[in-house]
Amino acid sequence: MSVIVEHLTKIYGAQKALDDISFEVKPGDIMGFLGPNGAGKSTTMKILSGYIPQTSGKASVCGYDVQENSIDVKRHIGYLPELNPLYTDMYVKEYLLFIAELQNLGKRSNNAVESMIERTGLSQERRKKIGQLSKGYKQRVGLAQAMLHNPEVLILDEPTSGLDPNQVGEMRDLIREIGLDKTVILSTHIMQEVEAMCNRVVIIDKGKIVADDKIEKLQQKLTGDVTITVEFKNEVNESDLKNVAEIISVKQNGKKFLLRCERDLREEISNESSKHNWILLSMNLEEDSLEDVFQKLTKK
């Protein structure tokens with residue numbers, strides 16, 4: 001396991017920021033780490049990256065305990081915090097060479113910096129001062145410094161913040177590529193980002209883990225019934241549709257219907273349509289979005 005969290009608790013004075021949380025993240029996982037503001041996401045990431053100690057419990061990165069072997073943990077981790085700390089008076093390449101020196105890359109420094117500049121799309125900005133860059137390009141510099149030493153684990157807090165739509169697409173591709181052979185923990189408030197990049201989701205609320213699974217499995221678990229949208233070419237009475245067994249409710253909008261059912265009734269609806277000569281134009285099984293799942297789990 002790249003990251004193991006066991007019964008982790010963090011208390012600030014009278015406030016319990018983390019309450020006995022546990023999860024594991026394997027190599028090749030891109031894990032979306034979600035929660036409302038103040039849920040405990042940033043606290044967890046700060047503990048994993050060695051910025052603050054936990055009150056109790058254990059956490060390890062690549063087999064190294066975050067408290068007992070904090071230097072080893074930092075060698076194996078790349079961290080991009082939400083508030084990206086950069087030396088704004090330094091030039092892009094100068095800053096990355098400085099980071100390479102801090103990471104003890106030695107003779108590999110220049111090649112590593114050149115490769116990362118290319119990989120993160122900073123080639124045209126390399127000779128600019130960081131303070132002159134847009135927020136999006138500052139994010140790229142932050143990601144470049146996090147990956148410069150080729151860590152096994154990447155912790156990214158709002159990595160696409162400030163990027164335009166084209167840059168977001170490029171960053172998604174890069175993070176998916178990174179996730180093929182590394183462990184990535186991605187925290188964001190943008191649910192589309194998680195759906196586009198992550199193969200697993202952990203949701204935290206009020207310091208407790210409330211969900212830990214693949215996105216599609218979470219959607220299945222939380223949806224007790226099924227929504228089916230149907231559209232007919234000819235006129236169909238709402239009352240006729242209500243007669244189909246196990247349809248809970250029907251909402252009509254012209255020739256389109258939104259059906260809430262106890263289970264997937266597409267086959268039964270198709271058979272009923274044939275029986276009554278209803279001409280089906282479309283029929284789709286709708287799933288809760290990740291945003292719907294998130295709200296159901298955290299709005300209590």
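Hydrogens, waters and symmetry mates play no part in the numbers below; they use all other heavy atoms, side chains included. Sequential numbering from 1 along the given sequence is applied to the chain's residues. Since we're looking at a predicted model, the values are computed, not measured.
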Open item on the list: Please determine whether side-chain contact (heavy atoms from CB on, under 4.5 Å) holds for the pair V92 and I130, giving the CA-CA distance in whole Å, both sets of side-chain angles, and the decisive distance to 0.1 Å.
Closed with: CA-CA 6 Å; V92 171; I130 292 172; 4.2 Å; yes

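- Side chains of T183 and L154 form no contact here, defined as non-hydrogen atoms less than 4.5 Å apart.
- When atom types are taken as modelled, the side chain of R140 and the backbone of K135 share no donor-acceptor pair closer than 3.5 angstrom.
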- [ ] Assess whether side-chain contact (heavy atoms from CB on, under 4.5 Å) is satisfied between N110 and L97, documenting all intermediate values.
- [x] CA-CA 7 Å; N110 194 64; L97 285 170; 4.2 Å; yes

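- For Q167 against D164, the heavy-atom pair with the smallest separation is N-OD1, 2.7 Å.
- Put simply, the side chain of I209 does not reach to within 4.5 Å of the side chain of S22, judged on heavy atoms.
- Panel note: side chain Q145, backbone G142; a donor-acceptor pair is recorded below 3.5 Å.
- Contact of the M171 side chain with the V168 side chain is not registered, since no non-hydrogen atoms from C-beta on lie closer than 4.5 Å.
- In this structure the side chain of N199 never reaches within 4.5 angstrom of the side chain of M31, judged on heavy atoms.
- Salt bridge status for E94 with K129: absent, with no side-chain N to carboxylate O gap under 4.0 Å.
- Side-chain contact check for V250 versus L258: every heavy-atom pair is 4.5 Å or farther apart.
- Interatomic distance, I175 CD1 to E193 CD, rounded to the nearest 0.5 Å: 7.5 Å.
- Residues T160 and I190 have side chains in contact (heavy-atom distance under 4.5 Å, counting atoms from C-beta outward).
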Open item on the list: The test is salt bridge (Lys or Arg N to Asp or Glu O under 4.0 Å); show your working for E177 and R119 and say whether it passes.
Closed with: CA-CA 11 Å; E177 178 192 333; R119 194 174 186 188; 3.1 Å; yes

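- Side-chain contact between H76 and P151: absent, with no pair of heavy atoms (C-beta onward) separated by less than 4.5 Å.
- Under a hydrophobic clustering in which Ile, Leu, Val, Met, Phe, Trp and Tyr are joined whenever their side-chain heavy atoms come within less than 4.5 Å, directly or via other members, L102 and L86 fall into the same cluster.
- Rounding to the nearest 0.5 Å gives a distance of 10.0 Å between OG of S56 and NE2 of H7.
- Ion pairing between K251 and E238 fails under the 4.0 Å rule for side-chain N and carboxylate O.
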Task: Audit row: M197, L186, side-chain contact (heavy atoms from CB on, under 4.5 Å) steps and yes/no - done: CA-CA 9 Å; M197 289 185 281; L186 170 70; 3.6 Å; yes

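- For the pair T120 and L174, the tightest heavy-atom approach, listed with the atom from each and the gap, is CG2-CD2, 4.0 Å.
- Using a 4.0 Å cut-off between charged side-chain N and carboxylate O, D19 and K16 make a salt bridge.
- Taken to the nearest 0.5 Å, the OG1 atom of T188 stands 8.0 Å off from the CG atom of L34.
- Put simply, V141 and Y91 are part of two different groups of oily side chains (I, L, V, M, F, W, Y) that touch within less than 4.5 Å, one to the next.
- Here the straight-line distance linking atom CD of E24 with atom CD of E6 works out to 7.0 Å at 0.5 Å rounding.
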Task: From CA spacing to verdict: side-chain contact (heavy atoms from CB on, under 4.5 Å), S273, L280 - done: CA-CA 7 Å; S273 298; L280 267 175; 3.7 Å; yes

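- Side-chain contact annotation: N234 with K255, donor-acceptor N/O pair under 3.5 Å absent.
- The only member of T43, T44, V5, I47 that meets side-chain contact (heavy atoms from CB on, under 4.5 Å) when paired with Q54 is I47.
- Between D264 and L285 the shortest side-chain heavy-atom distance falls below 4.5 Å.
- A salt bridge links R200 to D212: one of the charged nitrogens lies within less than 4.0 Å of a carboxylate oxygen.
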Task: Intermediate values then yes/no, side-chain hydrogen bond (donor to acceptor under 3.5 Å, both in side chains), H149 and N104 - done: CA-CA 9 Å; H149 58 298; N104 294 317; over 6 Å; no

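- Between the side chain of S49 and the main chain of M45, a donor-acceptor pair closer than 3.5 Å is present.
- By the criterion of side-chain heavy atoms lying less than 4.5 angstrom apart, applied directly or through intervening Ile, Leu, Val, Met, Phe, Trp or Tyr residues, V66 is grouped together with I52 in one hydrophobic cluster.
- Figure legend: K10 and Y12 shown as a cation-pi pair, the cationic atom lying under 6.0 angstrom from the six-membered ring centre and within 45 degrees of its axis.
- Judged by distance alone, with hydrogens and angles left aside, the side-chain atoms of D65 form a donor-acceptor pair with the main-chain N or O of E68 at under 3.5 Å.
- Side chain of T9 to backbone of D20: a donor-acceptor contact under 3.5 angstrom is found.
- Ion pairing of K93 with E114 is present here, as a side-chain N (NZ or NE/NH1/NH2) and a carboxylate O approach within less than 4.0 Å.
- Under a 3.5 Å cut-off, the side chain of S115 and the backbone N or O of A112 do not form any donor-acceptor pair.
- Within the 3.5 Å criterion, the main-chain N or O of K182 finds no donor-acceptor partner in the side chain of E152.
- The local environment of CG in N253 is sparse, with at most 12 non-hydrogen atoms from other residues, nucleotides or ligands closer than 6.0 Å.
- Shortest non-hydrogen contact noted between I178 and M147 is CD1-SD, 2.9 Å.
- The environment of CZ in R263 is crowded: more than 12 heavy-atom neighbours from other residues, nucleotides or ligands sit within 6.0 Å.
- When the ring pair (Phe, Tyr, Trp, His ring centres under 6.0 Å) test is applied to F232, the partners found at least two apart in sequence or on another chain are F257, W278.
- L48 and V61 get closest at one heavy-atom pair: O-CG2, 3.9 Å.
- Between I228 and C261, the closest heavy-atom pair is CD1-SG, 3.9 Å.
- Once rounded to the nearest 0.5 Å, the distance linking CG of D72 with SG of C62 reads 10.5 Å.
- In this structure, CG on L259 lies 11.0 Å from NZ on K242, to the nearest 0.5 angstrom.
- Judged by distance alone, the side chain of D173 and the main-chain N or O of E170 form no donor-acceptor pair under 3.5 Å.
- A donor-acceptor pair is defined here as one N or O able to donate and one able to accept, closer than 3.5 Å; no such pair exists between the side chain of Q67 and the backbone of K58.
- By the 30° and 60° cut-offs, the orientation of the rings of F98 relative to Y87 is perpendicular.
- Taking all atoms of both residues into account, the shortest heavy-atom contact from L148 to L105 is O-CD1, 3.9 Å.
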